[in-house]
Amino acid sequence: MQEINGWEKVVNTLASDYDVDIYITGSNSRMMSSEISTYLTGRYVTFHIYTLSFDEYLTFKKSYSTIYDIKQEFNQYVRLGGFPATHLQEYSQDEVYTIVRDIYNSTIFSDIVRRNQVKKIDQLERVVKYTFNNVGNTFSAKSISNYLKSEQRKIDNETVYRYLEKLQKAYILHRCSRYDLQGKSILKNTREILFS
(Lines give C-alpha, C1' and ligand atoms only; values in the text may rest on other atoms or scores of the structure.)
Protein backbone atom coordinates (compact mmCIF):
# COMPACT_ATOMS: atom_id res chain seq x y z
CA MET A 1 0.00 0.00 0.00
CA GLN A 2 2.86 2.40 0.81
CA GLU A 3 3.94 2.16 -2.84
CA ILE A 4 0.80 4.00 -4.02
CA ASN A 5 1.04 7.79 -4.17
CA GLY A 6 -1.40 9.47 -1.79
CA TRP A 7 -2.07 6.34 0.29
CA GLU A 8 -1.85 8.34 3.51
CA LYS A 9 -4.80 10.56 2.45
CA VAL A 10 -7.00 7.50 2.01
CA VAL A 11 -5.94 6.10 5.40
CA ASN A 12 -6.51 9.45 7.14
CA THR A 13 -9.96 9.77 5.52
CA LEU A 14 -11.00 6.23 6.47
CA ALA A 15 -9.75 6.68 10.03
CA SER A 16 -11.58 9.99 10.54
CA ASP A 17 -14.85 9.16 8.69
CA TYR A 18 -15.43 5.60 9.93
CA ASP A 19 -15.11 3.71 13.19
CA VAL A 20 -12.33 1.42 11.95
CA ASP A 21 -8.91 0.16 12.90
CA ILE A 22 -6.44 0.16 10.04
CA TYR A 23 -3.22 -1.86 10.14
CA ILE A 24 -0.37 -0.95 7.83
CA THR A 25 2.38 -3.56 7.83
CA GLY A 26 5.76 -4.04 6.33
CA SER A 27 8.99 -2.23 5.87
CA ASN A 28 10.12 -0.92 2.55
CA SER A 29 12.49 1.55 1.02
CA ARG A 30 9.84 4.28 0.67
CA MET A 31 8.82 4.49 4.29
CA MET A 32 10.35 3.74 7.65
CA SER A 33 8.45 3.96 10.92
CA SER A 34 10.05 7.31 11.77
CA GLU A 35 8.26 8.85 8.76
CA ILE A 36 4.79 7.54 9.58
CA SER A 37 4.06 10.54 11.81
CA THR A 38 4.50 12.84 8.82
CA TYR A 39 2.07 10.83 6.73
CA LEU A 40 -0.58 10.03 9.33
CA THR A 41 -0.46 13.25 11.38
CA GLY A 42 -0.29 11.62 14.80
CA ARG A 43 -3.12 9.11 14.34
CA TYR A 44 -1.10 5.95 14.69
CA VAL A 45 0.47 3.50 17.11
CA THR A 46 3.64 1.65 16.09
CA PHE A 47 4.17 -2.01 16.94
CA HIS A 48 7.63 -3.47 16.41
CA ILE A 49 7.45 -7.12 15.47
CA TYR A 50 10.63 -9.01 16.29
CA THR A 51 11.67 -12.55 15.54
CA LEU A 52 10.20 -15.26 17.78
CA SER A 53 11.42 -15.57 21.35
CA PHE A 54 12.15 -19.13 22.46
CA ASP A 55 8.77 -19.32 24.21
CA GLU A 56 6.98 -18.04 21.08
CA TYR A 57 9.00 -20.48 18.99
CA LEU A 58 7.76 -23.39 21.16
CA THR A 59 4.14 -22.22 20.88
CA PHE A 60 4.53 -21.77 17.12
CA LYS A 61 6.11 -25.20 16.64
CA LYS A 62 3.52 -26.94 18.87
CA SER A 63 0.80 -25.76 16.48
CA TYR A 64 2.01 -28.09 13.74
CA SER A 65 4.45 -30.53 15.35
CA THR A 66 5.15 -32.49 18.53
CA ILE A 67 7.96 -31.34 20.80
CA TYR A 68 9.86 -34.20 22.42
CA ASP A 69 13.03 -32.68 23.85
CA ILE A 70 13.21 -29.05 25.05
CA LYS A 71 17.04 -29.00 25.01
CA GLN A 72 17.08 -30.20 21.42
CA GLU A 73 14.49 -27.56 20.51
CA PHE A 74 16.56 -24.87 22.22
CA ASN A 75 19.65 -25.96 20.25
CA GLN A 76 17.57 -25.84 17.06
CA TYR A 77 16.28 -22.37 17.97
CA VAL A 78 19.78 -21.03 18.71
CA ARG A 79 21.21 -22.57 15.54
CA LEU A 80 18.40 -21.57 13.15
CA GLY A 81 17.12 -18.36 14.73
CA GLY A 82 13.65 -17.02 15.41
CA PHE A 83 12.27 -16.25 11.96
CA PRO A 84 8.92 -18.08 11.70
CA ALA A 85 9.59 -18.91 8.04
CA THR A 86 12.55 -21.08 9.03
CA HIS A 87 10.38 -23.27 11.24
CA LEU A 88 7.35 -23.92 9.05
CA GLN A 89 8.63 -27.38 8.22
CA GLU A 90 11.77 -29.48 8.59
CA TYR A 91 14.23 -27.56 6.43
CA SER A 92 17.84 -28.51 5.92
CA GLN A 93 20.41 -26.12 7.35
CA ASP A 94 21.25 -24.90 3.83
CA GLU A 95 17.57 -24.12 3.18
CA VAL A 96 17.33 -22.18 6.45
CA TYR A 97 20.46 -20.20 5.61
CA THR A 98 18.96 -19.38 2.21
CA ILE A 99 15.75 -18.08 3.82
CA VAL A 100 17.64 -15.98 6.39
CA ARG A 101 20.10 -14.70 3.77
CA ASP A 102 17.18 -13.61 1.55
CA ILE A 103 15.55 -11.74 4.46
CA TYR A 104 18.88 -10.10 5.32
CA ASN A 105 19.64 -9.15 1.71
CA SER A 106 16.21 -7.66 1.10
CA THR A 107 16.52 -5.58 4.28
CA ILE A 108 20.07 -4.44 3.57
CA PHE A 109 19.44 -3.60 -0.07
CA SER A 110 15.89 -2.20 0.18
CA ASP A 111 15.92 -0.43 3.53
CA ILE A 112 19.54 0.70 3.65
CA VAL A 113 21.48 0.64 0.37
CA ARG A 114 18.77 1.79 -2.05
CA ARG A 115 17.02 4.09 0.39
CA ASN A 116 20.20 5.86 1.53
CA GLN A 117 22.04 5.57 -1.78
CA VAL A 118 24.97 3.80 -0.13
CA LYS A 119 27.77 3.57 -2.67
CA LYS A 120 30.31 1.48 -0.76
CA ILE A 121 28.25 -1.64 -0.10
CA ASP A 122 31.38 -3.63 0.73
CA GLN A 123 32.16 -1.22 3.59
CA LEU A 124 28.63 -1.48 4.95
CA GLU A 125 28.74 -5.27 4.84
CA ARG A 126 32.07 -5.30 6.70
CA VAL A 127 30.59 -3.09 9.44
CA VAL A 128 27.59 -5.44 9.67
CA LYS A 129 29.87 -8.47 9.88
CA TYR A 130 31.95 -6.84 12.61
CA THR A 131 28.88 -5.97 14.69
CA PHE A 132 27.37 -9.45 14.26
CA ASN A 133 30.64 -11.02 15.37
CA ASN A 134 30.71 -8.76 18.44
CA VAL A 135 27.12 -8.99 19.69
CA GLY A 136 27.11 -8.47 23.44
CA ASN A 137 30.53 -6.80 23.41
CA THR A 138 31.16 -3.10 23.88
CA PHE A 139 32.77 -1.39 20.90
CA SER A 140 33.03 2.01 19.29
CA ALA A 141 33.06 3.39 15.78
CA LYS A 142 36.78 3.96 16.28
CA SER A 143 37.38 0.30 17.16
CA ILE A 144 35.48 -0.78 14.03
CA SER A 145 37.40 1.72 11.93
CA ASN A 146 40.73 0.54 13.40
CA TYR A 147 39.82 -3.10 12.82
CA LEU A 148 38.94 -2.45 9.17
CA LYS A 149 42.13 -0.44 8.69
CA SER A 150 44.11 -3.43 9.99
CA GLU A 151 42.50 -5.38 7.13
CA GLN A 152 43.55 -2.68 4.66
CA ARG A 153 40.01 -1.28 4.43
CA LYS A 154 40.06 2.44 5.11
CA ILE A 155 36.90 3.89 6.66
CA ASP A 156 36.49 6.95 8.90
CA ASN A 157 34.66 6.98 12.24
CA GLU A 158 31.83 9.22 10.99
CA THR A 159 31.01 6.78 8.17
CA VAL A 160 30.89 3.92 10.67
CA TYR A 161 28.49 5.94 12.88
CA ARG A 162 26.26 6.63 9.88
CA TYR A 163 26.18 2.93 8.94
CA LEU A 164 25.36 1.94 12.53
CA GLU A 165 22.53 4.49 12.62
CA LYS A 166 21.10 3.14 9.35
CA LEU A 167 21.30 -0.43 10.65
CA GLN A 168 19.44 0.63 13.80
CA LYS A 169 16.69 2.38 11.82
CA ALA A 170 16.22 -0.79 9.74
CA TYR A 171 15.99 -2.84 12.99
CA ILE A 172 18.97 -5.00 12.11
CA LEU A 173 20.83 -3.81 15.21
CA HIS A 174 19.52 -2.66 18.57
CA ARG A 175 21.62 -0.35 20.67
CA CYS A 176 21.92 -1.17 24.36
CA SER A 177 22.90 1.51 26.85
CA ARG A 178 25.52 0.65 29.45
CA TYR A 179 24.03 0.61 32.91
CA ASP A 180 25.91 1.25 36.14
CA LEU A 181 24.50 -1.26 38.64
CA GLN A 182 26.13 0.42 41.61
CA GLY A 183 25.00 3.96 40.83
CA LYS A 184 21.77 2.77 39.17
CA SER A 185 22.16 5.10 36.24
CA ILE A 186 22.82 4.86 32.54
CA LEU A 187 26.45 5.52 31.71
CA LYS A 188 26.81 8.42 29.31
CA ASN A 189 29.82 7.29 27.33
CA THR A 190 28.51 7.89 23.82
CA ARG A 191 31.69 6.64 22.16
CA GLU A 192 31.12 3.02 23.16
CA ILE A 193 28.28 0.99 21.68
CA LEU A 194 26.77 -2.32 22.67
CA PHE A 195 24.42 -3.99 20.21
CA SER A 196 22.19 -7.00 20.63
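Scope of the values below: all heavy atoms of this structure, side chains included, with no hydrogens, waters or symmetry mates.
Judged purely by distance below 3.5 Å, without hydrogens or angles, the side chains of Glu165 and Tyr161 never pair a donor atom with an acceptor atom. Thr159 and Asp156 form a side-chain donor-acceptor contact under 3.5 Å, judged by distance and modelled atom types alone.
Residues satisfying the side chain to side chain contact (heavy atoms under 4.5 Å, CB included) criterion with Asp94, sequence neighbours excluded, are Ser92. Applying the ring-ring contact (aromatic ring centres under 6.0 Å, His included) criterion to Tyr104, with sequence neighbours excluded, gives no partner residue. The ring-ring contact (aromatic ring centres under 6.0 Å, His included) search around Phe74 returns Phe54, not counting sequence neighbours. A search for side chain to side chain contact (heavy atoms under 4.5 Å, CB included) contacts involving Glu90 returns Lys61, Gln76, not counting sequence neighbours. The side-chain hydrogen bond (donor to acceptor under 3.5 Å, both in side chains) search around Tyr147 returns Glu151, not counting sequence neighbours. With sequence neighbours excluded, the residues forming a ring-ring contact (aromatic ring centres under 6.0 Å, His included) with Tyr50 are His174, listed by chain and number.
Shortest non-hydrogen contact noted between Tyr163 and Gln123 is OH-OE1, 3.2 Å. Smallest separation of non-hydrogen atoms from Ser143 and Ser140: OG-O, 2.7 Å. Nearest heavy-atom pair across Ile70 and Ile67 is CD1-CG2, 4.3 Å. Taking all atoms of both residues into account, the shortest heavy-atom contact from Ser145 to Asn157 is CB-OD1, 3.2 Å. Listed here is the closest heavy atom pair of Leu80 and Thr86: O-OG1, 3.9 Å. For the residue pair Val118 and Ile112, the shortest heavy atom distance occurs at CG2-O, 3.9 Å.
Interatomic distance, CG of Leu173 versus CZ of Phe132, reported as 6.0 Å (0.5 Å rounding). Rounding to the nearest 0.5 Å gives a distance of 10.5 Å between CZ of Phe83 and CD1 of Ile99. The structure places CG of Asn75 at 8.5 Å from CG of Asp69, a figure rounded to the nearest 0.5 Å. Separation of atoms CG (Leu148) and NZ (Lys129) is listed at 10.5 Å; rounding is to 0.5 Å.
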Would Lys149 and Ile155 count as a side chain to side chain contact (heavy atoms under 4.5 Å, CB included) if you check the C-alpha gap in whole Å, the side-chain angles of each, and the deciding distance to 0.1 Å?
CA-CA 7 Å; Lys149 282 176 189 170; Ile155 184 171; 5.7 Å; no
List the steps, then state whether side chain to side chain contact (heavy atoms under 4.5 Å, CB included) holds for Ile108 with Ile121.
CA-CA 9 Å; Ile108 289 289; Ile121 299 168; 5.5 Å; no
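At distances below 3.5 Å, at least one donor-acceptor pair connects side-chain atoms of Glu56 with backbone N or O atoms of Ser53. In this structure, Thr131 contributes its side chain and Val128 its backbone to a donor-acceptor pair below 3.5 Å.
Relative orientation of the Tyr77 and Tyr57 rings is tilted, given thresholds of 30° and 60° on the angle between their planes.
Between Gln93 and Tyr97 there is a side-chain heavy-atom pair separated by less than 4.5 Å. Looking only at side-chain heavy atoms (C-beta outward), Thr59 and Leu52 stay at 4.5 Å or farther from each other. Contact annotation: the side chain of Asp122 approaches that of Arg153 to within less than 4.5 Å [non-hydrogen atoms, C-beta and beyond].
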